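Below you'll find the structure, written out as structure tokens, and then a few comments.
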Number of protein chains: 2
Amino acid sequence: MLSQAIEDYLKAIYEVETSEGKVSTSALSEKLGVSPASVTSMMKKLSERKLIAHKRYQGVKLTPAGRKIALEIIRHHRLIELYLKEALGVPWDKVHQEAEKWEHVLSEELEDRIDEFLGYPVTDPHGSPIPRRDGTMIVRQCDALVDVEPDTLVKVVEVSDHDPELLRYLGGIGLYPETEMMVVSKQPFKGPIIIELTGKEYTIGRNAAKYILVEKANN
Amino acid sequence: MLSQAIEDYLKAIYEVETSEGKVSTSALSEKLGVSPASVTSMMKKLSERKLIAHKRYQGVKLTPAGRKIALEIIRHHRLIELYLKEALGVPWDKVHQEAEKWEHVLSEELEDRIDEFLGYPVTDPHGSPIPRRDGTMIVRQCDALVDVEPDTLVKVVEVSDHDPELLRYLGGIGLYPETEMMVVSKQPFKGPIIIELTGKEYTIGRNAAKYILVEKANN
DNA sequence: AAAGAAATTTAGACAAGACTAAAATATTTT
DNA sequence: AAAATATTTTAGTCTTGTCTAAATTTCTTT
Ligand SMILES: [Mn+2]
Ligand SMILES: [Mn+2]
Ligand SMILES: [Mn+2]
Ligand SMILES: [Mn+2]
């Protein structure tokens with residue numbers, strides 16, 4: 001059995017690899033809230049176990065074995081998030097925190113029961129794809145809201161789950177995955193983005209707009 | 001926050017205290033699957049934190065603070081067991097194992113949601129009472145099946161959850177908490193006990209019968 | 001009541017995973 | 001291309017929770 005620490009490192013490496021391409025010691029240090037020295041020492045251990053490839057001073061890459069484990073934990077995490085929302089009505093800004101701990105102690109058998117209960121879902125409450133049992137995951141093509149041109153009708157695909165406050169705000173205005181909305185304008189000088197949703201206009205900060213992924217609405 | 005190890009020690013101390021009265025190092029060593037030396041060193045730590053009172057060579061007793069924590073974890077454990085059975089159909093011989101891990105990472109908020117979902121239940125799937133939020137627990141008066149005289153009509157109150165195989169056997173013959181059954185006879189020379197349940201007779205080993213708690217049926 | 005056996009504690013070691021401070025390497029600026 | 005800066009690694013320490021072996025205390029037997 002892998003420790004919770006190892007599982008969280010592998011998950012963090014996977015996420016940084018996906019979003020930034022290169023995985024640096026400092027990025028992991030920041031993401032996991034531990035010192036850079038702690039990251040280096042864990043990298044040594046993961047290398048020995050052949051879960052990552054580590055070139056000194058050059059960052060880190062998952063091996064297929066490491067990626068498989070990362071996706072397994074992400075699968076747990078996302079199934080749990082959706083389960084908590086659907087079965088127990090936990091609000092979407094609270095599910096992440098709970099999943100972060102439960103994901104490490106979920107048995108494969110209970111994972112399967114939850115999956116079945118949910119009807120074999122493909123996305124979590126924030127719109128992130130749920131990895132399959134076999135360790136594969138679909139990747140979608142979409143744009144950050146911050147990069148969309150004004151006057152475009154878009155559909156929300158995914159919202160980052162790491163800032164509960166943002167989630168509460170978005171939930172409050174009814175902005176969820178699958179919601180369609182119109183990008184009205186982008187204010188100059190890094191100002192906010194104005195969107196129209198169910199007839200009303202709302203303001204989304206430039207920074208928040210980086211964490212909202214959308215695709216062009218098909219019509 | 002308390003570590004998982006501390007929580008499991010306090011829970012084990014509570015359980016031994018309840019069932020044996022005196023809590024010895026060796027009883028905890030056996031129950032937790034660690035060496036006696038490990039128990040002693042943890043007892044030292046729990047003493048310093050005023051969660052137990054420890055007299056050298058004389059065993060251990062929970063303080064009110066320690067008992068409160070033990071009951072809090074037991075509450076988690078039993079709510080989880082019942083929840084897994086009711087909401088996800090996990091069979092009663094599997095719920096314990098899952099609860100043993102999940103109990104340590106359940107938030108108070110999710111605990112409350114589960115409690116509400118279940119309609120504020122008072123017993124878990126094995127018939128054990130669920131401690132209340134305030135750290136109190138009802139204690140019931142009942143006898144071990146092994147001590148009941150033949151020709152008595154009894155109602156099952158509680159079955160120990162520690163042996164999955166026993167639970168599967170009992171489930172197979174339909175022996176659950178709340179079930180009524182007739183104690184037909186006790187075979188001599190520490191032989192098995194014969195019970196009658198829904199018209200059929202079944203055999204329960206003397207040892208297993210220690211772990212089945214019953215009360216006289218009221219009629 | 002002394003001897004022997006059993007239970008408990010102490011002493012010392014180890015692995016995991018964190019930290020700080022200092023050294024090594026890489027990157028950026030001048 | 002040096003110098004200055006930023007990043008990463010190494011060295012050494014600490015805490016938690018485990019272990020084995022040896023010493024101590026308590027319990028049981030004679
Ligand atoms: Mn986690
Ligand atoms: Mn899994
Ligand atoms: Mn436990
Ligand atoms: Mn609780």
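All values derive from a computational prediction rather than experimental measurement. Naming convention: chains lettered A, B, ... in sequence-line order (proteins, then strands); numbering from 1 in each chain.
Rounded to whole Å, the distance from CE on Met42(A) to C1' on dT8(D) is 17 Å. Atom pair Leu28(A):CG and dT9(D):P shows a separation of 10 Å (rounding to whole Å applied). Between the CG atom of Leu10(B) and the C1' atom of dG17(D) there is a distance of 15 Å, given to the nearest Å. In this structure, the NZ atom of Lys22(A) is 10 Å from the C1' atom of dT27(C), given to the nearest Å. When the P atom of dT24(D) is taken as reference, atom CD of Gln58(B) falls 18 Å away, rounded to whole Å. Between the C1' atom of dT25(D) and the NZ atom of Lys55(B) lies a distance of 15 Å, rounded to the nearest Å. Between the NZ atom of Lys44(B) and the P atom of dT15(D) there is a distance of 16 Å, given to the nearest Å. Rounded to whole Å, the distance from CG on Asp8(B) to P on dG17(D) is 11 Å.
Between Ser35(B) and the phosphate of dC19(D), there is a side-chain N or O to OP1/OP2 separation shorter than 4.0 Å. Between Ser3(B) and the phosphate of dG17(D), there is a side-chain N or O to OP1/OP2 separation shorter than 4.0 Å. Residue Arg56(B) places none of its side-chain N or O atoms closer than 4.0 Å to OP1 or OP2 of dT24(D). Dashed line: the shortest gap from a side-chain N or O of Ser38(B) to OP1 or OP2 of dT18(D) is not under 4.0 Å. Ser41(B) has no side-chain polar atom (N or O) that falls below the 4.0 Å cut-off from OP1 or OP2 of dG17(D). Distances shorter than 4.0 Å separate some side-chain N or O of His54(A) from OP1 or OP2 on dT9(D).
Side-chain contact between Pro192(B) and Ile204(B) is absent, with no heavy atoms from C-beta onward closer than 4.5 Å. Side chains of Val60(B) and Tyr9(B) form no contact here, defined as non-hydrogen atoms less than 4.5 Å apart. Considering only heavy atoms from C-beta on, Lys61(A) stays 4.5 Å or farther from Ile13(A) through its side chain.
In the set dT9(C), dG17(C), dT26(D), dG17(C) carries the atom at the smallest distance from any side-chain atom of Ala5(A). Taking every side-chain heavy atom of Thr40(B) into account, dT8(C) is the closest of dT8(C), dG17(D), dT26(D).
Residues Asp8(B) and His104(B) bring a donor and an acceptor atom of their side chains to less than 3.5 Å of each other.
A donor and an acceptor atom never sit less than 3.5 Å apart when one is taken from the side chain of Tyr57(A) and the other from the base of dT7(D).
Shown are Arg78(A), Arg75(A), Lys11(A), His76(A); of these, the side chain to side chain donor-acceptor pair (under 3.5 Å) with Glu103(A) is made only by Lys11(A).
In this structure, Ser26(A) reaches the sugar-phosphate backbone alone: every heavy-atom distance under 4.0 Å involves primed, P, OP1 or OP2 atoms, never a base.
The nearest heavy atom of DNA chain D to Lys45(B) and to Ala37(B) marks one nucleotide each, and the one closer to the 5' end goes with Lys45(B).
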